[in-house]
Q: 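Below are the structure tokens for one structure; questions will follow.
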Number of protein chains: 2
Amino acid sequence: MPDPMYRRIAEDLRQKIESGELGHGTQLPTELELREQYEASRNTVRDAVKWLISRGLVETRPGQGTFVVEMTDPFVTFLSVPETGGLEGVSYASEVTALGRKPTITPPRVEIQLATGAVAGALRLSEGATVVSRHQQRFIDDTPWSLQTTFYPMRFVEAGAVRLIQAADIGEGVVKYFTTALGIKQIGYSDKILVRSPDPNETVFFKLPDDGRVAVVEVLRTGYDENGDPIRVTATAYPADRNQFVFNVGHVPEEIAGPTGGQATPANGAPSKGG
Amino acid sequence: MPDPMYRRIAEDLRQKIESGELGHGTQLPTELELREQYEASRNTVRDAVKWLISRGLVETRPGQGTFVVEMTDPFVTFLSVPETGGLEGVSYASEVTALGRKPTITPPRVEIQLATGAVAGALRLSEGATVVSRHQQRFIDDTPWSLQTTFYPMRFVEAGAVRLIQAADIGEGVVKYFTTALGIKQIGYSDKILVRSPDPNETVFFKLPDDGRVAVVEVLRTGYDENGDPIRVTATAYPADRNQFVFNVGHVPEEIAGPTGGQATPANGAPSKGG
DNA sequence: CCGTATTTGTTCGTATGTATT
DNA sequence: CAATACATACGAACAAATACG
């Protein structure tokens, strides 16, 4: 018996789940039943269930039981632009409706702030410089989907882009608005993607389990003008368990758009025999 | 008392960690000391510590104690190609050495397999068609960094690209080899990024904690030729806690290369006042 | 190398609270 | 209201890993 008992119980249940013997949504035996099946104490079977929870394989519902998690089909976000059409022409709304879902965006919450570390660095401002932040919550089919905050240097407002500090959506997009209002063109952007644990706000908004099991993907997009100067930085947070991201480079056939369904790992594992 | 006790203990410790009162690498009070400080039982303070572990804030070392985790500075992978230069000209090795680290790649493990769901779909082959897989383990400074498997349709081998089925690295890159050997040019690729929990192989190779807390980022890259036909699909898995990914679109200034250090969320949270 | 103290890991028992049916 | 099922909390004992003399 190399492994502790709660691990052996957990591996046994895991095998039953992954083999399909316990399908999505089905209820596991109750703690009392597991205790009898494995001849362990209730605390020990609870440790096994906790291990499964930390893998995202099951969830517990007080008063009901323990259930194999249902897989929601992931939403795919395109972070690159189609070859045809201007830079970043597609908006959030068009991305989503194209897939037959109903997008919602809250009106922006606008704040005037002092730039801190990461934002100041990305915008090449000194710490403490004034920036405008515009924060929006985005939903798909009434499900919370992402939290987005964009930071702009205050000089753009002073130069006449006053709609930045109005709490109303800029329908045509800020990129186009900058072109018409200021003559500033965004000719490129850089996306940095990282995965981290959610902060308390994100946990509440996305209704994530409060054990921090589900990570968030943060996409940091910095836009540049013709002089190579950064004109804005956008931080968007997505729950990692319901999102995928696609980048196309060069020429890619059209059909590679919709969700392709199965995303199981194509055997990145051990060799068929030996190691 | 709204929250359970173990949560209040955990939040208190969390606050001490995030405020810097408990710096990286420092030891937390022992379970016995915590039990005295918070007047709770050992099991309760252990539940609090488990909550911190699941957030990746601390780690326990049997026989030693509980410690605030050390942050390793993340490695940045560029998934887009520089504007100058051919499609996908940069190789893994040059990406890494440019940042002053020593890359290592194992010789490929070559297998002949039957295409399954995801791979068959991406390569537009029928299920059960023959494919060649080439699997490599990649290290940086002797730290396991990624697991990569590329799948090619067998027809390329039959057409003369015999080096695909040799267990030796293809120094100039498979993309270039395809051009010289077969006259096939990759004119674009599509990257799909997703986050999932590690499988047992990845847990061992990356030395991840066996509680599945650290996710892996999987990058699925499908390459296309001039006819829009897929010529290969590469699946690369990275531990989510040590990696970031950068995509550049359009024109982006040169300096946006090195690790920019701080990756704290730039305030995607609640408003300064109210909700 | 050995033995001891310290610290976390595992397992059991028990009691009580809370959510759902 | 009662029954069921999971959540929290306490106490206890022994095992395993580590550090130190």
Side-chain angles (χ1 to χ4, degrees), chain A residues 1-14 17 22 25-70 203 207-213, chain B residues 1-14 17 22 25-70 203 207-213:
Chain A
M1 269 81 84
D3 282 346
M5 190 188 304
Y6 80 93
R7 275 289 248 120
R8 294 205 306 276
I9 297 173
E11 293 290 0
D12 188 62
L13 291 170
R14 175 191 183 143
I17 292 169
L22 292 167
T26 61
Q27 183 173 4
L28 267 68
T30 66
E31 291 175 351
L32 184 62
E33 290 167 331
L34 289 174
R35 183 183 130 161
E36 290 164 359
Q37 288 180 26
Y38 293 100
E39 292 179 334
S41 78
R42 193 186 155 218
N43 281 332
T44 300
V45 302
R46 273 179 66 76
D47 281 345
V49 171
K50 278 181 196 164
W51 191 87
L52 295 171
I53 290 175
S54 79
R55 302 302 175 87
L57 291 173
V58 305
E59 63 185 352
T60 53
R61 303 206 271 270
Q64 298 184 48
T66 306
F67 300 84
V68 182
V69 293
E70 302 266 17
T203 302
K207 299 185 179 63
L208 299 179
D210 73 343
D211 61 0
R213 181 179 74 254
Chain B
M1 273 81 84
D3 281 345
M5 189 187 303
Y6 79 94
R7 277 290 248 116
R8 295 205 304 275
I9 297 172
E11 293 289 1
D12 188 60
L13 290 170
R14 176 193 182 139
I17 292 169
L22 293 168
T26 61
Q27 183 173 4
L28 267 67
T30 67
E31 291 172 352
L32 186 63
E33 291 167 329
L34 289 173
R35 183 183 130 163
E36 290 164 357
Q37 288 181 26
Y38 294 100
E39 292 180 335
S41 77
R42 187 183 162 217
N43 281 331
T44 300
V45 301
R46 274 179 65 79
D47 280 345
V49 171
K50 279 180 196 164
W51 191 87
L52 295 172
I53 290 174
S54 79
R55 302 303 177 86
L57 292 173
V58 304
E59 64 186 351
T60 54
R61 304 208 270 272
Q64 298 188 51
T66 306
F67 300 83
V68 181
V69 294
E70 302 266 17
T203 301
K207 300 185 178 63
L208 300 178
D210 73 343
D211 61 359
R213 180 180 77 252

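A, B, ... follow the sequence lines: proteins, then strands. Residue 1 opens every chain. Everything numeric here is computed off the predicted structure, so don't read it as measured data.
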Q: Rounded to the Å, how far apart are B/R46 CZ and C/dT10 C1'?
A: 8 Å

Q: Nearest-Å distance, CG (B/D3) to C1' (C/dT18)?
A: 14 Å

Q: Can you find a heavy atom in the side chain of A/R213 that is under 4.5 Å from one in the side chain of A/I53?
A: yes

Q: Are A/Y6 and A/R46 side-chain neighbours, meaning at least one heavy-atom pair lies under 4.5 Å?
A: no

Q: Could you tell me whether the side chain of A/M5 reaches within less than 4.5 Å of the side chain of A/R8, counting heavy atoms only?
A: yes

Q: Relative to the 5' end of DNA chain C, which residue comes earlier, A/D47 or A/Q64, by the nucleotide with the nearest heavy atom?
A: A/D47

Q: Report, one line per pair, each donor and acceptor closer than 3.5 Å where one atom sits in a side chain of residues 55-64 of chain B; sequence neighbours left out.
A:
residue	atom	partner	partner atom	Å
B/R55	NE	A/D211	O	3.3
B/R55	NH2	A/D210	O	2.3
B/E59	OE2	B/R61	NH1	2.9

Q: Take atom CD1 of A/I9 and atom P of C/dT10, then tell me their distance rounded to the nearest Å.
A: 13 Å

Q: Taking atom types as modelled, is there a side-chain donor on A/D12 or A/Y38 under 3.5 Å from an acceptor on the other?
A: yes

Q: Please list, in 5' to 3' order, the outermost nucleotides of DNA chain D lying under 4.0 Å from any heavy atom of chain B.
A: D/dT8 to D/dA19

Q: Using the closest heavy atom to pick a nucleotide of DNA chain C for each, name whichever of B/P62 or A/N43 lands nearer the 5' end.
A: B/P62

Q: Are A/L34 and A/V49 packed together at the side-chain level, in the sense that at least one heavy-atom pair is separated by less than 4.5 angstrom?
A: yes

Q: Can you name the residues that form a salt bridge (charged side-chain N to carboxylate O under 4.0 Å, His left out) with B/E33, not counting sequence neighbours?
A: none

Q: Closest heavy-atom contact between A/I9 and A/A48?
A: CG2-CB, 3.7 Å

Q: Are A/E31 and A/R35 within salt-bridge range, i.e. N to O under 4.0 Å?
A: no

Q: Residues of residues 26-41 of chain A with any non-hydrogen atom less than 4.0 angstrom from an atom of DNA chain C: list those, numerically ordered, please.
A: A/A40, A/S41

Q: Please state whether the base of C/dG9 and the side chain of B/R42 form at least one donor-acceptor pair under 3.5 Å?
A: yes

Q: Could you work out, with salt bridge (charged side-chain N to carboxylate O under 4.0 Å, His left out) as the rule, every residue matching A/E36, not counting sequence neighbours?
A: none

Q: Looking only at heavy atoms, which two atoms of A/E70 and A/G25 are closest? And how far apart?
A: OE2-CA, 3.5 Å

Q: Could you check which residues of residues 52-60 of chain A get a heavy atom under 4.0 Å from DNA chain C? Sort them by number, please.
A: none

